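Values in this document were obtained by computation on a predicted structure and should not be read as measured data.
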Amino acid sequence: MHNLKWILTIFFLISHCVAFASLNPSLHQPTDVIAAIKANYSQIQTIACRISQTRLYGNNKVQSELNLFFKSPDKLYLDYLTPLRQIIIANGTSCWGYSPEDNQVEKVELTGANMIFSPIKLLGIDVLDELKNTFDLTIKENEAGNRDAAAGIVILASPKTGGKVISQIFIAVDPSCWTISSLKIMGKKGNLISQTLFENYQQVNNIWFPLRISAKSLIGKQVIIEDISFHRLKLNAEILDERFDFVPPEGMGEK
């Protein structure tokens with residue numbers, strides 16, 4: 001069975017996909033812009049969709065199809081259909097991985113260091129708050145030398161304590177709907193470590209959601225390219241709690 005933590009780490013890319021707002025912040029205060037981007041988090045009670053995911057690294061290419069169900073605040077259900085069937089269920093305290101093909105069950109307790117694998121982290125709640133607490137934030141002037149909303153907004157984040165790896169993060173914001181359009185992370189030598197693009201936004205139940213997320217990252221000397229697209233997206237549709245219950249099949253032990 002695929003390692004459960006590895007799958008959840010890859011899925012962390014979804015952490016940027018819930019960036020929506022309806023406020024009218026001051027362009028001179030980056031914290032106000034971040035507050036505007038986060039303003040509609042509380043409106044998202046459930047997410048249901050099909051996801052197509054492609055991951056390229058070296059000569060390897062992994063393509064996945066899965067169904068996702070999320071229920072606020074801490075319930076997550078992932079049903080991987082390809083390349084191998086696997087079901088992942090998290091309820092806030094525990095996360096189960098079940099592989100029908102090789103008849104294995106794996107369990108991760110979502111406490112302490114493992115809390116990064118919880119649904120609330122995977123879906124990006126708190127990510128911007130963490131950025132605000134550990135980085136100095138400023139509004140970067142556009143090429144025209146002003147802060148005209150029509151030209152877009154770029155938040156520049158610099159580590160407060162002088163990061164060992166990251167020198168700067170650039171967050172491009174579309175002020176027409178207060179969504180993140182791109183995220184660039186720069187290394188200490190001015191090199192690009194990673195870039196994530198959020199594209200094809202669609203408004204569902206008054207919430208803006210990107211139907212495609214693509215990312216390119218450099219880890220060591222290896223380039224990793226990720227592409228995620230969302231289909232049949234439903235926000236705030238009813239999802240029964242029973243969806244997130246998991247009972248291991250009789251006679252099957254935990255790994």
Side-chain angles (χ1 to χ4, degrees), residues 1-19 41-42 44-55 57 62-130 196 209 213 215 217 219 224 226-255:
M1 180 173 68
H2 291 301
N3 182 272
L4 180 57
K5 292 184 180 181
W6 180 81
I7 291 176
L8 292 176
T9 301
I10 293 175
F11 208 78
F12 185 75
L13 182 61
I14 294 182
S15 68
H16 304 289
C17 73
V18 195
Y41 277 167
S42 61
I44 301 175
Q45 298 302 310
T46 68
I47 301 173
C49 64
R50 170 70 69 88
I51 294 176
S52 300
Q53 182 177 8
T54 302
R55 187 172 190 255
Y57 54 103
V62 178
Q63 292 180 292
S64 303
E65 289 285 333
L66 62 147
N67 293 316
L68 174 146
F69 298 90
F70 169 78
K71 188 170 187 177
S72 181
D74 55 13
K75 293 181 171 62
L76 180 71
Y77 182 105
L78 304 176
D79 184 0
Y80 279 81
L81 308 175
T82 62
L84 295 175
R85 184 73 193 283
Q86 182 167 358
I87 297 172
I88 297 174
I89 301 175
N91 59 15
T93 58
S94 301
C95 184
W96 296 85
Y98 170 49
S99 176
E101 296 186 7
D102 56 17
N103 205 37
Q104 289 187 7
V105 171
E106 184 178 355
K107 183 181 181 182
V108 173
E109 295 296 339
L110 300 176
T111 57
N114 286 335
M115 282 305 293
I116 192 171
F117 302 114
S118 68
I120 199 167
K121 294 291 184 182
L122 290 171
L123 289 166
I125 315 301
D126 294 339
V127 169
L128 291 175
D129 271 342
E130 292 174 2
T196 305
F209 199 101
I213 303 174
S217 303
I219 300 179
I224 299 177
E226 308 254 11
D227 190 276
I228 293 179
S229 57
F230 300 86
H231 315 279
R232 298 185 296 211
L233 175 68
K234 295 181 180 180
L235 300 180
N236 293 342
E238 182 180 9
I239 301 177
L240 299 178
D241 285 337
E242 287 76 7
R243 163 73 69 179
F244 309 96
D245 292 337
F246 179 77
V247 178
E250 186 175 354
M252 180 178 293
E254 296 178 21
K255 182 178 178 181

Between D227 and S229, is there a side-chain donor-acceptor contact under 3.5 Å, judged purely by atom types and distance?
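Checked: S229/D227 side chains show no N/O donor-acceptor pair below 3.5 Å.
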How many angstroms lie between atom [atom1] of [X] and atom [atom2] of [Y], to the nearest 0.5 angstrom?
X    : Y    : atom1 : atom2 : answer
R243 : F70  : CZ    : CZ    : 15.0 Å
I87  : L66  : CD1   : CG    : 11.5 Å
I213 : T196 : CD1   : OG1   : 8.0 Å
L110 : T93  : CG    : OG1   : 7.0 Å

The test is side chain to side chain contact (heavy atoms under 4.5 Å, CB included); show your working for I44 and F209 and say whether it passes.
CA-CA 11 Å; I44 301 175; F209 199 101; 5.6 Å; no
Under a 4.5 Å cut-off applied to non-hydrogen side-chain atoms, are [X] and [Y] in contact?
X   : Y    : value
R55 : I224 : yes
L68 : L78  : yes
I88 : C95  : yes
Y80 : Q53  : yes

Show the nearest heavy-atom pair for residues [X] and [Y], with the distance to one decimal.
X    : Y    : value
I239 : I47  : CD1-O, 3.7 Å
Y98  : P100 : O-CD, 3.5 Å
D241 : K71  : OD1-NZ, 2.8 Å
S52  : H231 : OG-NE2, 3.1 Å
Q86  : G97  : NE2-CA, 4.2 Å
I89  : F244 : CG2-O, 3.2 Å

Got a donor-acceptor contact below 3.5 angstrom from the N91 side chain to the K75 backbone?
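Here the side-chain-to-backbone pair does not exist.
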Tell me which one of R232, R85, R50 satisfies salt bridge (charged side-chain N to carboxylate O under 4.0 Å, His left out) with E65.
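It is R50; the other options fail the test.
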Classify the ring geometry of F69 against Y77: parallel below 30°, tilted from 30° to 60°, perpendicular beyond 60°.
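Because their plane-to-plane angle is over 60°, the rings of F69 and Y77 count as perpendicular.
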With sequence neighbours excluded, what pairs up with E242 under the side-chain contact (heavy atoms from CB on, under 4.5 Å) test?
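Applying side-chain contact (heavy atoms from CB on, under 4.5 Å) to E242 gives L240, D245.
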